[in-house]
Amino acid sequence: MIDLTGRQAVVTGAGSGIGRACAQRLAAAGAHVVVVDIDAEATAKVAAEVSGTPVVADLSKPDFVNALPADVDIVVNNAGFQHVAPVEQFPPAVFSKILKVMVEAPFLLVRAALPGMYERGWGRIVNISSVHGLRASPYKSAYVTAKHALEGLSKVIALEGAPHGVTSNCVNPAYVRTPLVEDQVEAQAESHGIGRDEVVEQIMLAPAAIKRLIEPEEVAEMVVYLCGPHSSFITGTSLPVDGGWTAR
């Protein structure tokens, strides 16, 4: 059993999907979870489920960090969204917002949390990256760019944090059964002119050896492991949970 009693964790995008599963798993391990999401109703619901603290925040606005506690032991950078379009049709404003939410916001959150972690000599940064932090796919220029940038940021944090007892790692899932993926199925079906089932079978699961979607709880187990005592020597890594996608 991983015991995180007395630790405070911030999970972004915790109103649903991977973020919600991470909040639930960290709370089950004893951590107090600060549930951060842009959806007020979802934030309140998950915070109630885990006896945590709800924080409604738009991560595309830099001042979101002012609403978060300073004494954070664990940061799970999970929030994100997707837009699917060819590069020549990709809206620049959407590209910019994806980078703000998925790169700049993690930077700002970690920047605010590190001084306290350094002072206490312990901290865990877990970045929910993606197989798209390691591989590219067509029509996802902003998402792939953001995840590759998050990978680099995570490694820099790992190098700087190591002397202070702080680790930083990426978890890299392939397609997870979440609302975000449901939206992608719809967008891909429209973009390619095929049915939803064909998108899942022919596009999403084509590169993977294991032909199913990942469950959010599987990702959450990897996250909580990285916060536990047996992972203290794991830092600066990218851990694929991708059903064999990157084995090719």
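Values in this document were obtained by computation on a predicted structure and should not be read as measured data. Note: hydrogens, waters and symmetry copies are ignored here, and every other heavy atom, side chains too, is used.
With values rounded to the nearest 0.5 angstrom, L134 atom CG is found 6.0 Å from S129 atom OG. For the atom pair CG (N66) and CG (L68), the distance works out to 8.5 Å, reported to the nearest 0.5 Å. The distance from the CD1 atom of I125 to the CD1 atom of I74 is 9.5 Å, given to the nearest 0.5 Å. Separation of atoms NZ (K155) and OG (S238) is listed at 3.5 Å; rounding is to 0.5 Å.
No donor-acceptor pair closer than 3.5 Å links the side chain of K147 to the backbone N or O of R135. Side-chain atoms of N172 come within 3.5 Å of backbone atoms of L239 as a donor-acceptor pair (strictly under, hydrogens ignored). Although no hydrogens or angles enter the test, the distance criterion places no donor-acceptor pair under 3.5 Å between the side chain of R7 and the main chain of V72. Within the 3.5 Å criterion, the main-chain N or O of S141 finds a donor-acceptor partner in the side chain of T145.
Nearest heavy-atom pair, S232 versus T167, reported as atom, atom and distance to 0.1 Å: O-CG2, 3.8 Å. Across every non-hydrogen atom of R248 and A208, the tightest pair is NH2-O, 4.0 Å. Residues C227 and W122 come closest through the heavy atom pair O-CZ2, 3.6 Å. Here the closest non-hydrogen pair linking H132 and S137 is NE2-OG, 2.6 Å. For V11 against G19, the heavy-atom pair with the smallest separation is CG1-O, 3.6 Å.
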For this session: Please report the C-alpha distance between V176 and V219 in whole Å, then the side-chain angles of each, then the deciding distance to 0.1 Å, and finally whether the side chain to side chain contact (heavy atoms under 4.5 Å, CB included) criterion is met.
Result: CA-CA 9 Å; V176 183; V219 181; 4.1 Å; yes

Result block: side-chain N/O donor-acceptor pairs under 3.5 angstrom for residues 21-46, not counting sequence neighbours:
residue, atom, partner, partner atom, Å
Q24, NE2, E49, OE1, 3.2
R25, NE, E221, OE1, 3.3
R25, NE, E221, OE2, 2.8
H32, NE2, T53, OG1, 2.7
D37, OD1, D39, N, 2.9
D37, OD2, A14, N, 3.4
D37, OD2, G15, N, 2.8
D39, OD1, E41, N, 3.1
D39, OD1, A42, N, 3.1
T43, OG1, D37, O, 3.4
T43, OG1, D39, O, 2.7

For residues 77-85, dump all side-chain donor-acceptor pairs below 3.5 Å to protein atoms at least two apart in sequence or in another chain.
residue, atom, partner, partner atom, Å
N77, ND2, N127, OD1, 2.9
N78, ND2, T12, O, 3.1
N78, ND2, G13, O, 3.1

Just distance, no hydrogens or angles: give the donor-acceptor pairs under 3.5 Å from side chains in residues 98-115, sequence neighbours left out.
none

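The local environment of CD1 in I210 is sparse, with at most 12 non-hydrogen atoms from other residues, nucleotides or ligands closer than 6.0 Å. With a 6.0 Å radius and a threshold of 12 heavy atoms from other residues, nucleotides or ligands, Y139 has its OH atom at or below the threshold. Within 6.0 Å of NZ on K61 lie no more than 12 heavy atoms contributed by other residues, nucleotides or ligands.
No path of Ile, Leu, Val, Met, Phe, Trp and Tyr side chains, each step under 4.5 Å between heavy atoms, connects V166 with V223, placing them in separate hydrophobic clusters. By the rule that hydrophobic residues join a cluster once side-chain heavy atoms approach within less than 4.5 Å of another member, V241 and V224 end up as members of one cluster. Under the 4.5 Å side-chain heavy-atom criterion for Ile, Leu, Val, Met, Phe, Trp and Tyr, V76 and M117 are members of distinct hydrophobic clusters. In the hydrophobic clustering of this structure, V10 groups with V65; members are Ile, Leu, Val, Met, Phe, Trp, Tyr whose side-chain heavy atoms approach within less than 4.5 Å, directly or through other members. Placement of I214 and V131 in two distinct hydrophobic clusters is found when ILVMFWY residues are connected by side-chain heavy-atom separations under 4.5 Å, directly or transitively.
With contacts defined as side-chain heavy-atom distances shorter than 4.5 Å, the pair P216/R20 does not qualify. Using a 4.5 Å heavy-atom cutoff, the side chains of D71 and Q8 are in contact. Side-chain atoms of L4 and I2, non-hydrogen and from C-beta on, do get closer than 4.5 Å to each other.
The side chain to side chain donor-acceptor pair (under 3.5 Å) check on E218 picks up R212, with sequence neighbours excluded. Not counting sequence neighbours, the partners of I234 by the side-chain contact (heavy atoms from CB on, under 4.5 Å) test are N169, Y225, L226, S231, T237.
Under the 4.0 Å criterion applied to side-chain N and carboxylate O atoms, D73 and R120 are assigned as salt-bridge partners.
Residues S168 and S154 bring a donor and an acceptor atom of their side chains to less than 3.5 Å of each other.
Annotation: ring-ring contact (aromatic ring centres under 6.0 Å, His included) contacts involving residues 142-177, sequence neighbours excluded, comprise Y118-H164, Y175-W245.
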